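This report refers to the structure that appears directly beneath it.
Not measured: the values here are computed from a predicted model. Chain letters run A, B, ... following the sequence lines, proteins first and then strands; every chain starts at 1.
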Protein chains: 2
Amino acid sequence: MVANSRFAVAVHTAATLAYRQARGAGYVSSEQLSASVRTNPVVVRRIIRALARAGVVATKEGKGGGARLARSPRRIPLLEIYRAVEDDGSVLAYNPNPPNRSCPVSCGIKGALAPVFGAVDDAVTHTLGKATLADVLDRI
Amino acid sequence: MVANSRFAVAVHTAATLAYRQARGAGYVSSEQLSASVRTNPVVVRRIIRALARAGVVATKEGKGGGARLARSPRRIPLLEIYRAVEDDGSVLAYNPNPPNRSCPVSCGIKGALAPVFGAVDDAVTHTLGKATLADVLDRI
DNA sequence: TGTGACCGTAACGGATACAGTTACAAACAC
DNA sequence: GTGTTTGTAACTGTATCCGTTACGGTCACA
């Protein structure tokens, strides 16, 4: 359903940071991270940027720079990573076409769907709010 | 998050069928449905086909043909519509790139994410399983 | 038995979104 | 200064959707 794998890449990236930092690493470069994620360093930097804006990671430019977790994995809910990389957190999409004014169903469908879409979003939010990066790390 | 609006269009279509049938209509043509959804009749037929395969609607070809609900709206959970139109019911996507064999995180991330992705899917399934087409109709 | 109203489905094109890539300026350590 | 690294813009290839056209097949009805 999701058109992208940004959440998976973001969690992978954060997990790699946690894994390396637990073994004494400082800042980890996008080059190193991209080797684990198997993509281009710029793709990792785009994810890192989103995570940095959300306050999940801290970055440092220049030699010896890179990214590191801003907090302990136990204090990073996956929901925070999800929101950082998914601009539109809504899981379901409405029909973009304007309603047909002469049809009551067409006029009312968006409002009638809203509680359902909201409930789905809430369910996802609740689920991702309970799990943390540490939970993921425990399984690796 | 969703790349398409098929679920919204499908529920709209089904709601229109229910609305018209409650007022005595028989089979409703894709032409009529497309006027409510504000799209092309072929787009509606594609949705109808998916709903028909799932047993949610019945169709009839030829003159006077079209679609009608196969059951009472009260007996049509939205989950059934969702599954009918979303081939890949998974809400979140994995990183498609193959793991880096020399990185434990890369090798283990998919398995570590699986319970989370599964929990999200379950949450969505549970939410859409509780609501029915009749619930949507009641709000129109 | 013909005619017109429909569906079913294939095929194509435009729009959009992602991931990947290149390129380069700026920041920083040494 | 030199080399490493981030930050970011720009471009490309690819996939997916949605809309559209086209046309064969089905059916009701005169």
Side-chain angles (χ1 to χ4, degrees), chain A residues 1-10 12-13 17 20 25-54 57-68 70 85-98, chain B residues 1-10 12-13 17 20 25-54 57-68 70 85-88 90 92-98:
Chain A
M1 282 276 297
V2 168
N4 63 68
S5 58
R6 282 200 296 259
F7 178 63
V9 170
H12 184 159
T13 300
L17 290 179
R20 296 207 176 203
Y27 287 93
V28 182
S29 74
S30 63
E31 184 82 30
Q32 294 173 297
L33 291 168
S34 71
S36 176
V37 177
R38 281 289 200 103
T39 182
N40 190 288
V42 174
V43 174
V44 170
R45 276 182 241 157
R46 285 201 276 245
I47 296 291
I48 293 284
R49 169 172 52 172
L51 294 175
R53 282 177 181 156
V57 305
T59 63
K60 196 171 102 172
E61 295 187 12
K63 191 169 185 175
R68 66 174 174 76
V85 297
E86 297 294 342
D87 308 320
D88 179 9
S90 188
V91 173
L92 299 167
Y94 292 101
N95 175 3
N97 303 323
Chain B
M1 283 277 295
V2 168
N4 64 66
S5 58
R6 282 198 295 258
F7 178 64
V9 170
H12 184 160
T13 300
L17 290 179
R20 297 206 176 204
Y27 287 92
V28 182
S29 74
S30 62
E31 183 83 31
Q32 294 173 298
L33 291 167
S34 71
S36 176
V37 177
R38 282 288 200 102
T39 183
N40 191 287
V42 175
V43 174
V44 170
R45 276 182 242 155
R46 285 201 275 245
I47 296 292
I48 292 285
R49 168 172 52 173
L51 294 174
R53 282 179 180 155
V57 304
T59 64
K60 196 172 104 174
E61 296 186 9
K63 191 169 187 176
R68 66 173 175 79
V85 297
E86 297 294 343
D87 309 319
D88 178 10
S90 186
L92 298 168
Y94 292 101
N95 175 3
N97 303 321

*Hey, does B/N97 reach any base, or is it just sugar-phosphate, or nothing, if we go heavy atoms under 4.0 Å?*
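B/N97: backbone/sugar contact only, no base atoms under 4.0 Å.
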
- Query: Is it true that a side-chain atom of B/N95 and a backbone atom of A/A8 form a donor plus acceptor pair closer than 3.5 Å?
  - Reply: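 Looks like no, no N/O pair under 3.5 Å.
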
B/S34 side chain vs B/E31 backbone, donor-acceptor pair below 3.5 Å =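 Pair found, side chain donor or acceptor close to backbone of B/E31.
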
Check: Do any side-chain nitrogens or oxygens of A/S5 fall under 4.0 Å of OP1 or OP2 in C/dA19?
Finding: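 Yes, A/S5 has a side-chain N/O under 4.0 Å of OP1/OP2 on C/dA19.
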
At the 4.0 Å heavy-atom cut-off to chain A, mark where contacts on DNA chain D begin and end, going 5' to 3'.
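For DNA chain D, the relevant span reads D/dG3 to D/dG19.
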
Looking at five pairs on each end of the helix from C/dT1-D/dA30 to C/dC30-D/dG1, what is the angle between the two axes, given to 10 degrees?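 Computed from the C1' atoms at both ends, the axes differ by 20°.
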
Where do N or O atoms of nucleotides 11-14 of chain C meet protein N or O atoms at under 3.5 Å, pair by pair?
residue	atom	partner	partner atom	Å
C/dA11	N6	B/R46	NH1	3.3

ask   = Listed by chain and number, what are the side chain to side chain donor-acceptor pair (under 3.5 Å) partners of B/R45, not counting sequence neighbours?
value =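 Residues passing side chain to side chain donor-acceptor pair (under 3.5 Å) with B/R45: B/S30.
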
query: Mind checking what makes side chain to side chain donor-acceptor pair (under 3.5 Å) contact with A/Y27, not counting sequence neighbours?
result: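 Here the qualifying residues are A/R68.
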
Shorter than 3.5 Å, N or O on both sides, protein versus nucleotides 28-30 of chain C: list them out with atom names.
residue	atom	partner	partner atom	Å
C/dC28	O2	A/K63	N	3.3

Checklist line | Side chain of B/S30 (C-beta onward), nearest among C/dC7, C/dT9, C/dT22 | finding: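 In terms of side-chain proximity for B/S30, the closest of C/dC7, C/dT9, C/dT22 is C/dC7.
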
Among C/dG20, C/dG8, C/dA23, which nucleotide sits nearest the side chain of B/R45?
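Nearest listed nucleotide: C/dG8.
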
